[in-house]
Amino acid sequence: MNNSALLSLLCLVALLHQSLAASPQFNVIQFGAKPDGRTDSTSAFLAAWKQACSSTRGVTLYVPKGRFLTRSMLFKGPCRNSAIFIRIDGTLVAPSDIWAIGNNPNWIEFQYVNGVTISGGVLDGKGAPLWSCKLAGRKCPTGATVRNGPQTLGFSFCNNVLVSGVTSLNSQMFHVVINFCQNVKLQGVRISAPGNSPNTDGIHIQMSTGVTVVNTKVATGDDCVSIGPGAANLRIENFACGPGHGISIGSLGKNVNEPGVQNVTVKSTTFTGTTNGLRIKSWGKPSNGFARNILFQHATMNNVQNPIFIDQRYCPDRNCPDTASGVRVSDVTYQDIHGTSATEVAVNFDCSKRNPCKGIRLDNVRLTYNKKPAVASCANADGTTIGLVQPGSCL
């Protein structure tokens, strides 16, 4: 960076600090929130949001140190300004009683907001009681079935969102959900739940464009990142996963008419003890969906069960009579993928017999199993190899 660029950056930072210092600040304590971890502070947070959202100038909503108990909260726009800065120095805590959080799909949800930053803090979802309810097969709260339940932090129909330095602990279901959004950035996020916690995906992205995830660590009981239908122009970089189910594009093709996934870059990732590494999965039934223009680059596998996996016979509910996926998978590149596999088959392309995978590229892939060469398996897959590829290509 030259001196002129550095000076410009310093001026920009100074202007930002000056702007924040001059902007109104709404402290949730002033609206009645109690930092004792026992008093319900839901109404205080919503009252503070109402003031922040109605301001015509950029504002700061401040959560000081302490533990703040809240039920489900909907922070809804559109707002009168596009610069709401939410600074969290404390911890938000969900109710321990799984019947008390409320029936909303998200514990903390933002809708129709343009220009919001969430910085710092801990979101403690108190998921253990609900996990136990699910795993025991007992009657759980309304909507909280094996594939449903309150997610910790959700964004729907939002634009220009930054989530920085936030920690999500023990979400009851998914930790972060991005749905029908544009230009969302997650940086320095930490997500943590036990490896056996059901359906606790770290970050789920669907029907959204321009989402970036950088410098983030996820340890959870399901996919570290799941990328659903309608996701495009995504970038994941400097990302650590484990325990968990890896980074998954899909599942896709559950519905016949479904938007596809395209233009995804996943680079500089580390997987440790996960059940999958880089996975694309689609239901084994008819669909017009697709996954194309995908780049997986610079990944390290540490004892990963399925380091490279395309699974087009995914069918958890066993209602896939012909097991032939209609989803078209094409132009997928694996570049500089190395490390150790926990299973002998380290590269598995199990593609659709109806729509074989096309344009698969393996470029300098080095994976071993028990200090020996691993094995590759291919079905209905076509592609090329570049450089050293171990295990030997079956394309």
Side-chain angles (χ1 to χ4, degrees), residues 20-21 23-55 59-76 79 84-111 113 116-133 140-144 149-155 163-177 188-194 197 200 202 219-220:
L20 289 175
S23 66
Q25 183 177 104
F26 300 108
N27 188 324
V28 295
I29 297 288
Q30 298 171 337
F31 292 83
K34 302 295 183 183
D36 58 12
R38 299 185 304 274
T39 304
D40 186 350
S41 296
T42 305
S43 59
F45 275 77
L46 294 176
W49 172 259
K50 184 177 181 180
Q51 291 293 315
C53 188
S54 63
S55 173
V59 298
T60 297
L61 194 159
Y62 180 53
V63 181
K65 292 181 179 179
R67 293 177 64 82
F68 296 87
L69 175 68
T70 76
R71 292 173 287 107
S72 59
M73 299 182 292
L74 173 59
F75 301 115
K76 192 171 184 178
C79 296
I84 298 178
F85 184 84
I86 301 174
R87 176 185 164 191
I88 306 175
D89 287 340
T91 299
L92 276 63
V93 184
S96 297
D97 181 356
I98 59 178
W99 297 89
I101 195 170
N103 291 325
N104 290 345
N106 297 299
W107 171 33
I108 302 166
E109 182 170 6
F110 292 82
Q111 286 185 1
V113 179
V116 64
T117 296
I118 305 173
S119 178
V122 177
L123 310 177
D124 186 351
K126 293 290 183 182
L130 182 59
W131 307 335
S132 297
C133 179
C140 302
T142 301
Q151 299 154 155
T152 288
L153 178 62
F155 298 92
V163 179
S164 178
V166 172
T167 297
S168 176
L169 299 177
N170 299 324
S171 180
Q172 296 191 25
M173 197 174 155
F174 294 7
H175 288 260
V176 180
V177 176
V189 172
R190 301 292 180 265
I191 289 173
S192 180
S197 54
T200 52
T220 194

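All values derive from a computational prediction rather than experimental measurement. Positions are given from 1 along the sequence.
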**OP:** Determine, step by step, whether V176 and V163 satisfy the side-chain contact (heavy atoms from CB on, under 4.5 Å) criterion, reporting the C-alpha distance in whole Å, the side-chain angles of both residues, the deciding distance to 0.1 Å, and the verdict.
**Re:** CA-CA 10 Å; V176 180; V163 179; over 6 Å; no
Original post:
When you look at F68 and V63, which way does the side-chain contact (heavy atoms from CB on, under 4.5 Å) test go after all the steps?
Top reply: CA-CA 9 Å; F68 296 87; V63 181; 3.7 Å; yes
**OP:** Would you sort out whether F75 and I108 count as a side-chain contact (heavy atoms from CB on, under 4.5 Å), showing the intermediate values?
**Re:** CA-CA 8 Å; F75 301 115; I108 302 166; 3.8 Å; yes
Original post:
Where do I84 and C79 land on the side-chain contact (heavy atoms from CB on, under 4.5 Å) test, with the steps shown first?
Top reply: CA-CA 9 Å; I84 298 178; C79 296; 3.8 Å; yes
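Taking every heavy atom of both residues into account, S96 and P129 meet most closely at O-CG, 3.6 Å. Nearest heavy atoms, P150 versus L130: CD-CD2, 4.0 Å. Minimum interatomic distance between T152 and S171 (heavy atoms only, all atoms of both residues): OG1-OG, 2.8 Å. Smallest separation of non-hydrogen atoms from G120 and V166: O-CG2, 3.4 Å. Nearest approach of A193 to N170, heavy atoms of both residues: CA-OD1, 3.7 Å. The two residues P64 and I29 make their nearest non-hydrogen contact at CG-CG1, 3.6 Å.
In terms of modelled atom types and a separation under 3.5 Å, the side chain of W107 and the main chain of T70 share a donor-acceptor contact. Judged purely by atom type and a 3.5 angstrom limit, Q172 uses its side chain to pair as donor or acceptor with the backbone of G125.
Counting only residues at least two apart or in different chains, side chain to side chain donor-acceptor pair (under 3.5 Å) contacts with residues 30-42 comprise D36-T39, D40-T42, D40-R71.
Here T220 contributes atom OG1 and I191 contributes atom CD1; the two are 7.5 Å apart, rounded to the nearest 0.5 Å. M173 CE to N106 CG: the interatomic distance, rounded to the nearest 0.5 Å, is 10.0 Å. Note: F85 CZ to L61 CG = 11.0 Å, rounded to the nearest 0.5 Å. To the nearest 0.5 Å, the span separating OH on Y62 from CD1 on I88 amounts to 11.0 Å. To the nearest 0.5 Å, atom CE of residue M73 and atom CZ of residue F110 are 8.0 Å apart. Separation of atoms NE2 (H175) and CG (L153) is listed at 11.5 Å; rounding is to 0.5 Å.
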Under 3.5 Å, sequence neighbours excluded: what are the donor-acceptor pairs made by side chains of residues 44-51?
| unit_1 | atom_1 | unit_2 | atom_2 | d |
| --- | --- | --- | --- | --- |
| W49 | NE1 | K76 | O | 3.2 |

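Residues that satisfy the side chain to side chain donor-acceptor pair (under 3.5 Å) test with S164, not counting sequence neighbours, are Q187.
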